[in-house]
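I have placed the structure first, in the form of structure tokens, so that the comments after it can refer back to it.
Numbered from 1 within each chain, the chains take letters A, B, ... in sequence-line order.
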Amino acid sequence: MVNEIVQGFIQAVDLIVSLDPEVIEITIRTLVISLSSTLLGTAIAIPVGGIISLNEFRGKRALMYLVQTLYSVPTVIIGLLLFLLISSSGPFGSLKLLFTSTGMVIGQTMLILPILIGLTIAALEGLDRGLRDTLVSLGATWSQQLIALLREARFALLAAVAVGFGRAISEVGVAIMIGGNIRGFTRVLTTAISLETSMGNISLSLALGIILLVLALVVNFGVNLLQGGGRR
Amino acid sequence: MVNEIVQGFIQAVDLIVSLDPEVIEITIRTLVISLSSTLLGTAIAIPVGGIISLNEFRGKRALMYLVQTLYSVPTVIIGLLLFLLISSSGPFGSLKLLFTSTGMVIGQTMLILPILIGLTIAALEGLDRGLRDTLVSLGATWSQQLIALLREARFALLAAVAVGFGRAISEVGVAIMIGGNIRGFTRVLTTAISLETSMGNISLSLALGIILLVLALVVNFGVNLLQGGGRR
Amino acid sequence: MIRCEEIGWEIEGKTVLDNISIEVAPGEVFGLIGPSGSGKSSLIRIMDLLVAPTSGRLWIDSTEVSAGSTDLVALRRRMGMVFQRPAVFSGDVYRNVSIGLGLRGERPHSARQLVEDALEMVGLTGFGPRRASTLSGGELQRVAIARALVTRPTVLFLDEPTANLDPLSTQVIEDVVRRAQTDLGTTIVMATHNLDQGQRLCDRLAVMATGRLMQTGTPLEVFYRPRTRQVARFVGAENLVDGTVERQDRGVAFVRTTGNVLAVAVHEPVFGTVTVAIRPEEIVLSHDDSCRTDSPNHLHGRVTAVESDGPLVRVSLDCGFPLVALVRRLTYLSLSLEPGLQVCAVFDPNGAHLIART
Amino acid sequence: MIRCEEIGWEIEGKTVLDNISIEVAPGEVFGLIGPSGSGKSSLIRIMDLLVAPTSGRLWIDSTEVSAGSTDLVALRRRMGMVFQRPAVFSGDVYRNVSIGLGLRGERPHSARQLVEDALEMVGLTGFGPRRASTLSGGELQRVAIARALVTRPTVLFLDEPTANLDPLSTQVIEDVVRRAQTDLGTTIVMATHNLDQGQRLCDRLAVMATGRLMQTGTPLEVFYRPRTRQVARFVGAENLVDGTVERQDRGVAFVRTTGNVLAVAVHEPVFGTVTVAIRPEEIVLSHDDSCRTDSPNHLHGRVTAVESDGPLVRVSLDCGFPLVALVRRLTYLSLSLEPGLQVCAVFDPNGAHLIART
């Protein structure tokens with residue numbers, strides 16, 4: 001019995017080493033989709049987080065609490081919500097985004113946006129209060145303050161981006177509901193692993209699983225390194 | 001178009017209010033499975049985390065780093081690994097755990113164990129170092145120290161348990177790969193939402209989605225409350 | 001230079017500053033002195049335009065800030081601030097010092113010379129390429145001063161600049177402050193809870209307590225002529241004896257207290273009920289039988305307690321009223337001072353001071 | 001009671017304690033005194049069995065701890081420790097104080113009376129039901145002392161118990177320490193960087209610096225007869241003048257220094273090269289023309305600097321060698337002391353002390 005697992009592993013390694021076209025294709029698509037959603041999410045989260053963090057306004061605490069609460073919205077809820085919006089009968093149905101990688105990027109962006117915003121705020125709030133006082137006393141304008149503080153928080157911000165990417169690449173709910181695991185079109189690592197396993201394609205699943213695990217661990221290692229850099 | 005979404009919502013609320021047997025059954029099964037894995041995980045994590053935290057040994061930092069790295073293993077990897085172990089050709093195939101709720105409990109426990117152990121360690125390390133010195137100076141034995149420190153960390157520990165439960169209830173990878181979404185048997189909230197949506201059963205999906213969202217938010221609210229309690 | 005008129009500041013319903021009016025003259029070192037919680041830091045933050053007061057008016061040079069519609073950034077760029085705990089930006093010392101220049105769009109080339117001059121001023125020549133995070137607390141505070149001085153501010157604010165530093169770093173920083181005044185002509189406003197430091201550095205002191213201004217004057221005035229019992233206690237004139245002025249004669253007032261008449265030098269006529277403030281170190285103790293009864297203020301007392309206090313010995317006496325004297329150790333040993341002993345306490349009329357009772 | 005024999009402690013290749021031998025007698029208050037980083041805290045943690053020394057032997061009563069196979073928990077239960085920053089357990093003051101009793105399996109009923117006695121001892125009667133986290137720093141430190149005393153330890157260790165407290169709380173805690181010694185007969189070992197506190201509270205002091213024991217003795221011995229230049233500086237005898245003993249006569253040694261012969265009281269014969277330590281507050285200044293040339297130690301000097309130092313004025317002189325005097329403000333004013341002035345400095349042979357040079 002154990003033999004079959006070992007057999008599967010050998011075949012999996014072979015698929016990776018021989019650069020099997022399907023394995024390569026799924027991996028590249030996964031990276032493109034997850035990187036796109038991370039970049040889109042970051043482009044939104046850094047200014048939004050910066051504005052929330054550097055201003056004092058009524059309801060700021062409530063807003064930050066809301067953002068944190070949204071961290072834990074299950075992926076299938078995001079998938080369901082986006083499905084309703086972009087299915088042929090939904091308000092954005094005419095854009096024909098369902099079962100496309102663009103739709104997946106939008107879904108993953110929605111998924112990771114709260115944590116990107118939340119960690120941006122945390123990165124800025126985590127800075128020594130004195131830095132901002134010093135900048136103000138030196139005559140910095142509001143935008144000069146923001147830029148200088150983002151620079152000080154750069155390690156924590158990069159760690160936040162890596163956390164977002166790690167979430168995007170490992171999630172399966174949005175990918176399956178919005179992408180649909182269409183071969184050669186929207187199939188990504190997680191959906192392929194999840195569905196090929198039950199169909200008995202163990203060696204393909206294992207090959208993709210090894211790649212996903214390595215990617216996830218590399219990202220995690222990067223996060224740790226960056227958080228260390230911030231502390232030093 | 002928007003009308004259809006509203007229609008779906010109305011039907012969904014109706015399913016919940018009328019205590020539709022299928023909705024109730026899926027919800028209860030989800031709660032039973034997730035609570036079981038959380039309890040099992042906690043029963044393992046608290047002593048293991050306590051031993052790691054209160055002892056000094058070579059490789060402690062590396063072990064803590066490993067535990068933290070395991071936080072981010074994608075759910076489909078856990079699913080794949082467990083599938084290999086319990087599928088009919090795997091080493092534990094004779095236990096016939098594949099596509100059973102017991103298998104799902106084991107998978108979810110594997111999934112949340114790293115974070116439960118990690119947060120237990122963090123809860124104990126987060127205590128004032130002086131507490132342990134004081135206990136030692138007052139003549140506490142090793143087990144008296146552990147009990148007193150767990151008591152001091154009780155809010156953070158409860159928050160850790162809630163985080164674990166939140167992960168278990170929201171995940172879809174293990175549930176789909178090990179459970180298989182078998183109606184009346186292993187179907188849980190996330191797998192039902194994910195697969196019923198693509199099959200067009202929008203009102204059922206929405207009903208289950210609302211319930212899942214409410215559960216996730218309540219758990220998250222509890223975590224926040226507990227973390228506040230720890231700080232006070 | 002800076003004028004505060006009836007400045008008040010409340011936060012969360014608590015009054016932090018109450019009706020503060022002070023004026024800082026160009027080129028002087030002005031000290032805000034008082035125990036922690038007295039509102040020094042809040043006042044200095046208001047003067048540096050970091051926070052807005054809840055009431056009162058504030059002028060920087062001839063610009064009224066509180067009138068609104070003022071360009072705060074432009075005003076702040078003419079001032080500098082050194083905080084109690086210096087904030088460290090990532091990167092090297094050069095970047096930390098040049099930040100203010102960068103914000104003003106200064107070219108890197110001309111900035112380099114200015115930064116090197118500022119580092120030399122604070123005694124950190126050659127520190128430019130060092131990572132700021134590797135410096136000691138005292139060095140960081142000097143970097144913070146260089147960072148504030150490099151933009152040549154007309155006013156430099158210092159908020160407890162040596163509160164957490166060792167004596168050596170404290171001395172270096174005090175020297176830098178003195179040089180900023182003499183060499184650059186910078187007006188300096190500093191908050192400190194350290195009376196000695198205030199005396200050493202400041203031309204004028206404002207004594208604060210619980211958000212209110214108690215007294216403003218030169219260090220000597222504050223030290224020798226505290227105007228209230230609170231200030232007297234703060235500056236160490238801890239013997240406060242109530243009495244009534246009986247008569248005055250050639251600059252000396254004679255004050256009747258319980259059982260004694262005390263002679264106190266006065267600089268202006270005083271009448272009615274007063275408090276005599278006597279610094280404990282101005283009291284001379286001698287054997288009771290060798291009491292020079294011809295001197296004006298000789299009090300007979302019984303020792304109630306003897307305690308070591310740094311280089312001196314603190315002797316508590318009962319002279320009908322409690323009196324504390326600080327004497328040298330040799331005096332303590334030669335008189336064999338111990339509780340119960342009868343001694344004679346004498347102080348010079350110039351060593352005491354009158355506080356009007358209100 | 002406690003005996004340390006050649007205790008050493010290294011951590012990460014750094015020597016924290018080097019060859020420390022001390023013995024604490026039953027019932028005494030023993031002070032470990034020295035600047036921060038001198039190893040006081042490490043030594044006290046070793047004596048309380050919180051860490052094991054890397055070398056040397058340690059006895060608690062007659063039990064040799066370092067022999068291994070000792071029941072450390074049982075030994076620790078006979079000792080109590082108060083840390084610099086008190087740890088606060090959740091719950092009320094009652095729980096915080098009773099923790100040690102609970103660990104010993106004491107019944108809640110009998111514990112309640114013991115806790116109330118301990119709270120009364122530290123002046124916190126009635127504080128039992130208060131939430132511990134709502135107390136002030138001084139109150140928390142008293143709770144920590146009550147927590148340590150409630151188990152009636154034979155030895156109480158205190159590690160800088162008043163380091164972060166205001167003067168009033170410090171006084172209360174010093175009173176509690178005194179009462180623990182007198183009322184309960186507790187042996188007390190305390191670490192402090194505060195020389196005054198060491199003098200006020202301790203029967204004997206061990207002066208430490210950079211992990212080494214410099215001198216052990218009564219506060220008076222340490223203060224008046226520092227055995228090394230380092231201790232002399234630490235206790236404030238900052239004038240250190242090198243010279244050679246010329247002759248001795250009736251308890252007075254005559255020491256030739258550059259340009260002068262100084263008379264110093266000695267208690268045992270000394271020969272050869274020595275250092276004369278003179279406390280600055282023992283030096284009396286007078287007008288140069290009214291110098292009493294009949295007195296043994298009269299030095300002519302020129303004032304080089306004058307600085308305020310708390311209640312006194314610090315005057316730096318050049319007498320051929322640098323000399324610092326601390327004088328009263330009235331002296332300072334009446335002599336019109338300022339840089340350049342020629343003055344006469346006199347000190348009593350009993351106000352100085354000889355340190356053998358090695």
Taking the side chain as everything from C-beta on, heavy atoms only, tell me whether B/Tyr71 gets closer than 4.5 Å to A/Asn220. no
So B/Leu84 and A/Thr197, do their side chains get closer than 4.5 Å, heavy atoms only? no
On a heavy-atom basis, the closest approach of B/Ala216 and A/Ser72 is CB-O, 3.9 Å
Let me know if B/Ile193 has heavy atoms under 4.5 Å from chain A in its side chain, its backbone, both or neither. both
Quick check on A/Ile176 against chain B: is it the side chain, the backbone, both or neither that has a heavy atom closer than 4.5 Å? side chain
Measure across A/Ile5 and B/Pro91 and return the closest heavy-atom pair with its distance rounded to 0.1 Å. CD1-CD, 3.6 Å
Relative to chain A, which segment of B/Ile202 carries a heavy atom at a distance below 4.5 Å: side chain, backbone, both, or neither? side chain
Check each atom of B/Leu189 against the heavy atoms of chain A and say whether the ones under 4.5 Å are side chain, backbone, both or neither. neither
Closest non-hydrogen atom pair, A/Ser205 against B/Leu80: O-CD2, 3.5 Å
Taking atom NZ as the centre, does A/Lys96 end up with more than 12 heavy-atom neighbours from other residues, nucleotides or ligands that are less than 6.0 angstrom away? no
Distance in Å, A/Glu171 CD paired with B/Glu171 CD, rounded so as to fall on 0.5 Å steps: 12.5 Å
Report which part of A/Leu81 has an atom under 4.5 Å of a heavy atom belonging to chain B: side chain, backbone, both, or neither. neither
Partner chain B: residue of A/Ser194, A/Gly79, A/Ser198 with the largest heavy-atom pair count (under 4.5 Å): A/Ser194
Residue A/Phe99 versus chain B: region with a heavy atom under 4.5 Å: neither
Heavy-atom contact with chain B under 4.5 Å, split by part of A/Ile77: side chain
A/Asn224 vs B/Tyr65 side-chain heavy atoms within contact, under 4.5 Å: yes
Which one of A/Thr75, A/Leu206, A/Leu85, A/Val73 has the most heavy-atom pairs closer than 4.5 Å to chain B? A/Leu206
Could you tell me which non-hydrogen atom of A/Gly173 sits nearest to which non-hydrogen atom of B/Val172, and how far apart they are? N-CG1, 3.8 Å
